[in-house]
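So that the names make sense, note that chain A is the first sequence line, chain B the second, and so on, each numbered from 1. Reckoned from all heavy atoms, side chains included, excluding hydrogens, waters and symmetry mates. Not measured: the values here are computed from a predicted model.
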Protein chains: 2
Amino acid sequence: MSTQLLGAVEGGRGDVFDSACPARTVLDHVMGKWAVLVLVALRARPLRFSALRRAVGGVSEKMLAQTLRTLEADGFVHREVAPTTPPQVTYSLTGLGHELTGHLTGLLDWIDTRLPDVQAARAERAAVRAGT
Amino acid sequence: MSTQLLGAVEGGRGDVFDSACPARTVLDHVMGKWAVLVLVALRARPLRFSALRRAVGGVSEKMLAQTLRTLEADGFVHREVAPTTPPQVTYSLTGLGHELTGHLTGLLDWIDTRLPDVQAARAERAAVRAGT
DNA sequence: CTGTATCCAGGTTGATACTG
DNA sequence: CAGTATCAACCTGGATACAG
């Protein structure tokens, strides 16, 4: 598993994967600060640029456009331009994108449910640093 | 699902989640450039600092240390110091970390298997830009 | 409406050197 | 071995202005 992404712990080559590794670039794109949110937002339904921007709080036009271009290039989202004035551009997930978001929502849901545990861990650590 | 992470697409509040949102901080930590790789590397077995650095190719000492401190604070990894000289520090996953990496490896494995499709998408897009 | 281009501040990263 | 400190460079990301 994850043969492309992790260096050989057992064998010991050591520098098996660098930034040039294709799998790494995909991972970086997908894990990008905004990519996850965009992907998951699109999972519910196709959205237009503005709606997407509203759905993903705090993203600038620049970053949203940039993220979308990357995700489109990787084949995760589909860009549909309606030839109207003003132009309407709708983004939706491709089949590949749907598969991907399946894994992502699993992760996000887990974070949601386990948030209390993480906060507890943080609190405990803070207490240790203060007390002992 | 993901109620903490996505702004209201339907309702329409818009700025429901900012960077201060606890769930977002967890997501950011976990999705960090190196965090994923560290987590998955530790999934196979506990590793010492150096071994971990070898397993995760291309990470600097500084970044590895920083990542580990964050993951430790969030309760995903456990840090064990052996009182020897020279000191030996072993990192392992906590129960929480194990759950998390379950989702992560799912994602990573998917990337591995679907890499060809992504590369095909990239190629096709490049072809479109060039030709038509 | 949907972007793109430019500028600029700030955070992040890496190299290096040093400590326990 | 396992870090931490410091510094400079880079890149990211936001604001603004403008274009199709």
Side-chain angles (χ1 to χ4, degrees), chain A residues 9 12 14-15 17-20 24-25 27-38 41-42 46-73 77-92 125 129, chain B residues 9 12 14-15 17-20 24-25 27-38 41-42 46-73 77-92 125 129:
Chain A
V9 181
D15 62 350
F17 84 113
D18 55 348
S19 319
R24 267 295 293 280
T25 67
L27 185 62
D28 287 345
H29 291 173
V30 165
M31 310 290 268
K33 188 175 183 181
W34 303 112
V36 198
L37 283 337
V38 168
L42 286 179
L47 288 172
R48 290 179 44 197
F49 191 84
S50 314
L52 201 44
R53 188 147 179 247
R54 249 172 285 126
V56 179
V59 64
S60 67
E61 289 185 1
K62 180 185 174 180
M63 283 301 98
L64 181 55
Q66 201 172 100
T67 301
L68 284 170
R69 264 182 273 118
T70 302
L71 293 178
E72 191 195 355
V77 310
H78 174 66
R79 183 175 183 269
E80 181 122 34
V81 184
T84 62
T85 49
Q88 303 205 342
V89 184
T90 303
Y91 295 91
S92 55
R125 190 162 198 270
R129 292 179 61 104
Chain B
V9 181
D15 61 352
F17 83 113
D18 54 347
S19 319
R24 268 292 296 278
T25 67
L27 184 62
D28 287 346
H29 291 172
V30 164
M31 310 290 268
K33 188 175 182 181
W34 303 112
V36 197
L37 284 335
V38 169
L42 286 180
L47 288 172
R48 290 177 45 194
F49 191 84
S50 314
L52 200 45
R53 184 146 181 250
R54 251 170 285 126
V56 179
V59 64
S60 66
E61 290 185 0
K62 179 184 174 181
M63 283 300 97
L64 182 56
Q66 200 171 101
T67 300
L68 284 170
R69 261 179 272 119
T70 302
L71 293 177
E72 191 195 354
V77 310
H78 173 67
R79 182 174 183 271
E80 182 121 35
V81 183
T84 61
T85 49
Q88 304 205 341
V89 183
T90 303
Y91 294 91
S92 55
R125 189 161 199 270
R129 292 178 60 105

query = So, for A/Leu64 and A/Val38, which heavy atoms are closest and what is the spacing to 0.1 Å?
reply = CD1-CG2, 3.8 Å

ask   = A/Arg48 side chain N/O closer than 4.0 Å to the phosphate oxygens (OP1, OP2) of C/dT2?
value = yes

ask   = Can you name the residues that form a salt bridge (Lys or Arg N to Asp or Glu O under 4.0 Å) with A/Arg125, not counting sequence neighbours?
value = B/Glu72

query = Could you give the CG-to-P distance, from A/Leu64 to C/dA5, as a whole number of Å?
reply = 16 Å

note = Double-helix bend of the helix from C/dC1-D/dG20 to C/dG20-D/dC1, axes at both ends from 5 pairs, round to 10°, gives 50°

query = Heavy atom of residues 81-88 of chain B under 4.0 Å from DNA chain C: which residues?
reply = B/Pro87

request  = Provide the closest heavy-atom pair for B/Leu47 versus B/Leu42 in the form atom of the first, atom of the second, distance.
outcome  = N-CD2, 3.7 Å

message = For the NZ atom of B/Lys33 and the CG atom of A/Leu27, what is their distance to the nearest 0.5 Å?
response = 11.0 Å

Closest non-hydrogen atom pair, A/Ala35 against A/Thr67 = CA-CG2, 3.7 Å

query = Listed by chain and number, what are the side chain to side chain contact (heavy atoms under 4.5 Å, CB included) partners of A/Ser92, not counting sequence neighbours?
reply = A/Pro46, A/His78

ask   = Roughly, in whole Å, what's the span from CD in A/Glu72 to C1' in C/dT2?
value = 13 Å

request  = Only pairs at least two apart or in different chains count here, so list each salt bridge (Lys or Arg N to Asp or Glu O under 4.0 Å) that has a residue in residues 55-70 of chain A.
outcome  = A/Arg53-A/Glu61

request  = Determine: side-chain N/O of A/Arg79 to OP1/OP2 of C/dT2, distance under 4.0 Å, yes or no.
outcome  = no

task = First locate atom CE of A/Met63, then atom CG of A/Leu68, and finally report the distance between them rounded to the nearest 0.5 Å.
result = 11.5 Å

Dump the pairs, protein N or O against N or O of nucleotides 11-14 of chain C, anything under 3.5 Å, distances to one decimal.
{"from": "C/dG14", "atom 1": "OP2", "to": "B/Ser60", "atom 2": "OG", "distance (Å)": "3.4"}
{"from": "C/dG14", "atom 1": "N7", "to": "B/Lys62", "atom 2": "NZ", "distance (Å)": "3.4"}
{"from": "C/dG14", "atom 1": "O6", "to": "B/Lys62", "atom 2": "NZ", "distance (Å)": "2.2"}

key: Contact interval (first through last nucleotide) of DNA chain D with protein chain A, 4.0 Å heavy-atom   = D/dG13 to D/dG20

What pairs of donor and acceptor atoms, side-chain ones from residues 83-90 of chain B against any protein atom, are under 3.5 angstrom apart with sequence neighbours left out?
{"from": "B/Thr84", "atom 1": "OG1", "to": "B/Pro86", "atom 2": "O", "distance (Å)": "2.9"}
{"from": "B/Gln88", "atom 1": "OE1", "to": "B/Arg48", "atom 2": "NH1", "distance (Å)": "3.4"}

key: B/Leu52 CG to B/Tyr91 OH distance, which is reported to the nearest 0.5 Å   = 8.0 Å

